[in-house]
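Worksheet for the structure shown next.
For the numbers below, each heavy atom of this structure counts, side chains included, while hydrogens, waters and symmetry mates do not. Predicted model, so just to flag it, every value in this text is computed and none were measured. In what follows, chains are A, B, ... by sequence order, proteins preceding strands, each numbered from 1.
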Protein chains: 2
Amino acid sequence: MNEMQVQMWDNPRFRNWVAVARACQLVQQALARELKPLDLKPPHLDIIVNLMRSEGISQQDLAHKLLVGRSNMTMLLPQMEERGLIERRPDQADRRVLRLHLTAQGKALAKRAIAIQSDLIDEVMSVSSPEHCEIIGDAMRRMTALMLERDKIGMATRTRKEQKA
Amino acid sequence: MNEMQVQMWDNPRFRNWVAVARACQLVQQALARELKPLDLKPPHLDIIVNLMRSEGISQQDLAHKLLVGRSNMTMLLPQMEERGLIERRPDQADRRVLRLHLTAQGKALAKRAIAIQSDLIDEVMSVSSPEHCEIIGDAMRRMTALMLERDKIGMATRTRKEQKA
DNA sequence: TGCATTTCGTTCATAGTTGTACAATTCTGT
DNA sequence: ACAGAATTGTACAACTATGAACGAAATGCA
């Protein structure tokens, strides 16, 4: 029973991944704290950031990019709209979808929030040289690709649709 | 307004940190899915793993290690105790604290759960060479140290206690 | 000893997240 | 054109997480 204990922490991959998860959690918590004065939470900022990149995106696609469920968007977006940060305009080509846009006020807040986030990230990533910073980012992007591919395969074997092929 | 957009994503630190956060999120989600057959959730596994390292730890110290609030432990631990995975024994030296221990059943489940987690981590970390894996882990540990130090300083300036010095 | 302060765990109200079921709309294949 | 399937956003219930207030126990300091 004790071998398991040793085994886990002697495994470099395990040890180093745990370090990644812990750092992530701490940075997220710090971000939440520093965003509080703007009355924003990390999910709101994620939405704003993605909206700057993809004006007119649908709720579904946004949820997909953020790796959360659609219902999550239904909870968050209306309250951001009431706050005047975003607009949800119906798409007349497909009347099911709502296309999302940042308002001027939303962009102004985005600027301040992103400044906070960027400063925090600059601080935490400054523990690594630019070269190591790229190594880390590259590894994480490969990891993300791997996980998304995994999910896709899992979906294909579980659903009935693809079995036709 | 558009300069901000470019500015963010041209900043290597920003871009690479976002990759870290996304990978983390995906791995967490995958872990949750693979743990479902054992009827465990990531927080439970975190508790179990830390309990293997630190038999007899208090709820408070455990919460501190896991970077969550004490009330979180109060929510999770009793239900794990009822399930027979852990025991909470009062400390007769200090009758406020409850010392935590894994039961035999808890250890058995831990073994299976850790096998699942290790396999997943091995898979995702296999996108990096052992050398890069260490670079990543070292960076994240420095980052964690930086954040904890930051918090400590923040606490010291806010509380009254340390002002005596 | 006595009293203020701190620490540990709990309680509870609040807020955030998820999955499922649903109505409206669009797409597909005949 | 039309029936069946898929997609979009919503509603809701169940679950999870968090922070503040609390009581009990311990500690520090006169």
Carboxylate-amine/guanidinium proximity below 4.0 Å for A:E134 and B:R15: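 Yes, this pair counts.
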5′-ward residue of the pair B:P78/B:Q29 relative to DNA chain C: B:P78
Protein-nucleotide distance ([X], atom [atom1]; [N], atom [atom2]), rounded to Å:
X: B:Q59; N: D:dA25; atom1: CD; atom2: P; result: 16 Å
X: A:H64; N: D:dT7; atom1: NE2; atom2: P; result: 13 Å
X: A:N72; N: D:dC12; atom1: CG; atom2: C1'; result: 15 Å
X: B:L62; N: C:dT10; atom1: CG; atom2: C1'; result: 16 Å
X: B:L77; N: D:dT16; atom1: CG; atom2: C1'; result: 15 Å
X: A:L66; N: D:dG9; atom1: CG; atom2: C1'; result: 16 Å
X: A:Q60; N: D:dA6; atom1: CD; atom2: P; result: 15 Å
X: B:L76; N: C:dT11; atom1: CG; atom2: P; result: 14 Å

Heavy-atom closest contact (A:Q28 atom, A:P42 atom, distance):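 For A:Q28 and A:P42, the tightest heavy-atom pair comes out as NE2-CB, 4.0 Å.
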Nearest heavy atoms of B:L66 and A:Q25, plus distance in Å: O-NE2, 3.2 Å
Sugar-phosphate, base or nothing in reach of A:R88, heavy atoms under 4.0 Å: sugar-phosphate
Touch class at under 4.0 angstrom, heavy-atom based, for A:M75 against every strand present: base
Main-chain N/O of B:R70 paired with B:Q59 side-chain donor or acceptor, under 3.5 Å: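 No; judged by distance alone, with no hydrogens or angles, the pair does not exist.
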Backbone N/O of B:S126 and side chain of A:R142: donor-acceptor pair under 3.5 Å: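 Checked: no pair found.
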A:H64 atom NE2, over 12 foreign heavy atoms within 6.0 Å: no
Pair A:R83, A:Q105: side-chain N/O donor-acceptor within cut-off below 3.5 Å: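 Looking only at side-chain atoms, A:Q105 and A:R83 do not form any donor-acceptor pair under 3.5 Å.
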Sugar-phosphate or base contact per nucleotide [nucleotides 20-26 of chain C; S, B, -; heavy atom under 4.0 Å]: ----BBS
